[in-house]
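In what follows, a single structure is set out as C-alpha cells and then discussed.
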Amino acid sequence: MNLKKTTIMKKFLSFIALAAVCGLGFAQNSAIFKAQDLQAKGDLNGAIELLEAAMQNPKTTKLAEVYHYAAEYEAQRFNPELMKAAQSLPFDTLLFCNALDKSIGYYLKSHEIDVTPDEKGRVKSKFVKPNHDRVLSMLDFYNYAAVFANGMGDQQKSIEYFSKYMELPKAPVFSKHETDSIYAAGKQAYLGTAKNIAILSYQGKNWDEALKYAEIALEDTTDTHDLYIIKMQSYLAKSDSVGYLNALKEAATNSHEVTFMQNLLYHYVTKGDADEAMRMADEMVQQNPENKAAWYMKGCVDLNMTKNYVAARESFQKALDLDPNFVDANTNMAYTYINEIVQKKQNGEFQFIGTSRTYTKKEEPVYKKELALVHDYYGKAKIYMEKVRELTPESPKEWAYVLQQIYTNLDEKDKLAEINALIETLNP
C-alpha cells in the first residue's frame with residue numbers, strides 16, 4: 001500500500017513538474033497573442049517590445065513565429081515612412097532606416113529558425129513563403145536607407161546599409177537561381193552601389209574596403225576615372241608602390257584616358273626606363289589597336305624617350321585616324337616636328353641656321369636649302385597646332401606660345417603680331 005502510494009505520488013509530482021514547464025513555455029509563447037492584441041490596438045512599439053523580450057527568453061519555443069511577427073510589426077512602422085518618402089513628403093529618416101533594418105533582420109532570423117530541424121531531425125516550416133516574399137519586396141530599400149544615413153552624416157551606417165543591399169540577394173530565403181536572377185536584373189544598380197561603398201570607404205581611409213569595392217565597381221567599364229583614382233591613391237596610402245603602378249597601368253590600358261597615359265609615361269621617364277615604357281605601349285596597342293590612347297602612349301614614348309620622331313608621328317597619326325579631333329595627339333604631332341628640327345640644330349646638322357655664321361654668295365643655296373627644311377618642319381607643326389587652337393579656343397596657354405615660336409620661324413609677321421597681342425593679355 002505504501003509502495004503504491006509512493007508510485008502514484010511520483011507520477012503526480014512528475015505531472016506537476018511537466019505542467020509547470022509547459023506553463024512557462026505557454027506563458028512565453030502567449031507573448032505572441034498579447035503582441036497581436038497590442039498591434040490591433042495600434043500599439044506597435046509595445047507589441048515589438050513584448051516580442052523582443054520573448055526572443056531573449058530561453059523558455060520561448062515558437063521563435064520562428066515570434067521573429068516573423070516582430071518583422072511584420074517593424075514593417076508596419078516602416079511602411080508609412082516609405083509612403084511619405086515616395087510622395088516627397090517630410091518623413092522620419094531615422095525611423096525609416098531602423099525599422100527597415102530590424103524588419104529584414106527579423107524575417108531572416110525567422111527563416112533561419114523555421115528551416116532548422118528539431119531534436120528529432122524534423123523540419124516543420126510555417127513561414128518560409130511569407131518571409132521570402134517580404135524580403136523579396138524589400139530588396140531595394142537598403143539602398144535608400146544608405147542614402148538617407150549619409151544625408152544624416154552617418155557615413156559608417158551608410159556603408160553598412162549599402163553593404164547589406166549588396167549582400168541581401170545571397171540571403172538563405174532565396175534559392176541560388178533567385179540570387180543569380182536578382183543580381184543579373186539589377187546589375188547596374190549593384191555596381192553603382194559598389195562604387196558608392198568604394199567612395200565612402202576611401203573618404204573614411206579604409207583602404208582595403210575601398211580597393212575591394214572599387215574592383216567590383218570596375219565591372220562597369222563606363223565612368224571609371226574616379227574608381228581608378230581610388231585604387232591608385234589607396235595603394236599609395238598603404239605604401240604599396242607595386243599596387244599603385246599596376247593600378248596605373250590598368251587605368252591607362254582600360255580607361256582610354258590620356259591623363260593616365262601621361263602619368264604612366266612620367267613614371268617611366270622618371271626611371272629612365274624606355275624599354276619598359278615601349279614594352280608597355282606595344283602591349284597596349286596589341287591588346288586594343290582601336291584604342292586611340294594606346295597609340296598616343298606609344299607616340300609619347302618615342303617623342304619623349306627614344307627621340308624617334310618619325311616613329312612618334314606614325315603612332316600619333318594612328319591615333320588621329322581614330323579621332324581627328326584628339327587634342328593631345330594633335331599637340332604632340334606638332335611637337336614631333338618642332339623637337340626634331342631643334343634637335344637637328346643642336347646636333348650641328350646646319351651650317352647656317354641656328355648658328356652665327358653668315359653665308360657667301362656661293363653658300364647661299366645651302367642656306368636656302370636649310371631654311372626650306374626649317375620652314376617645312378614648322379609649316380607642318382603649324383597645321384596641327386592651329387588645329388589645337390581651333391579645338392580649344394578657351395585654353396590659349398595650351399597653344400599660344402607654341403604658335404608664337406612657329407610664326408616666328410616661318411616669318412609670318414601678321415600672325416605673329418596677332419599672337420603676340422594675345423599673349424600680352426595672358427601676362428598682364
>> What I'd like to find out is whether the side chain of Val147 reaches to under 4.5 Å of the side chain of Phe162, using heavy atoms alone.
In response: yes

>> Tell me if the OH atom of Tyr183 is crowded by more than 12 foreign heavy atoms within 6.0 Å.
In response: yes

>> Check this for me, if you would: do Lys380 and Asp376 make a salt bridge, where the nitrogen-to-carboxylate-oxygen distance has to be below 4.0 angstrom?
In response: yes

> Should the pair Lys238 and Trp207 be classed as cation-pi, given the thresholds of under 6.0 Å to the six-membered ring centre and 45° from the axis?
Replying inline: no

> Would you call Asp220 and Lys195 a salt bridge, using N to O less than 4.0 angstrom?
Replying inline: no

> Is a salt bridge present between Glu418 and Arg389, judged by a nitrogen-to-oxygen distance below 4.0 Å?
Replying inline: yes

> Can Arg357 be said to sit on top of Phe350's aromatic six-ring, NZ or CZ under 6.0 Å from centre and within 45° of the ring axis?
Replying inline: no

> Do Glu283 and Arg279 sit within salt-bridge range, that is, some charged N less than 4.0 Å from a carboxylate O?
Replying inline: yes

> Taking 4.0 angstrom as the limit, do Lys231 and Glu215 come out as a salt bridge?
Replying inline: yes

>> Just to verify, what does Lys164 make a salt bridge (Lys or Arg N to Asp or Glu O under 4.0 Å) with, not counting sequence neighbours?
In response: Asp101, Glu160

> ring-ring contact (aromatic ring centres under 6.0 Å, His included): which pairs involve residues 46-65, sequence neighbours left out?
Replying inline: none

> Who pairs with Tyr377 by side-chain hydrogen bond (donor to acceptor under 3.5 Å, both in side chains), at least two apart in sequence or on another chain?
Replying inline: Glu340

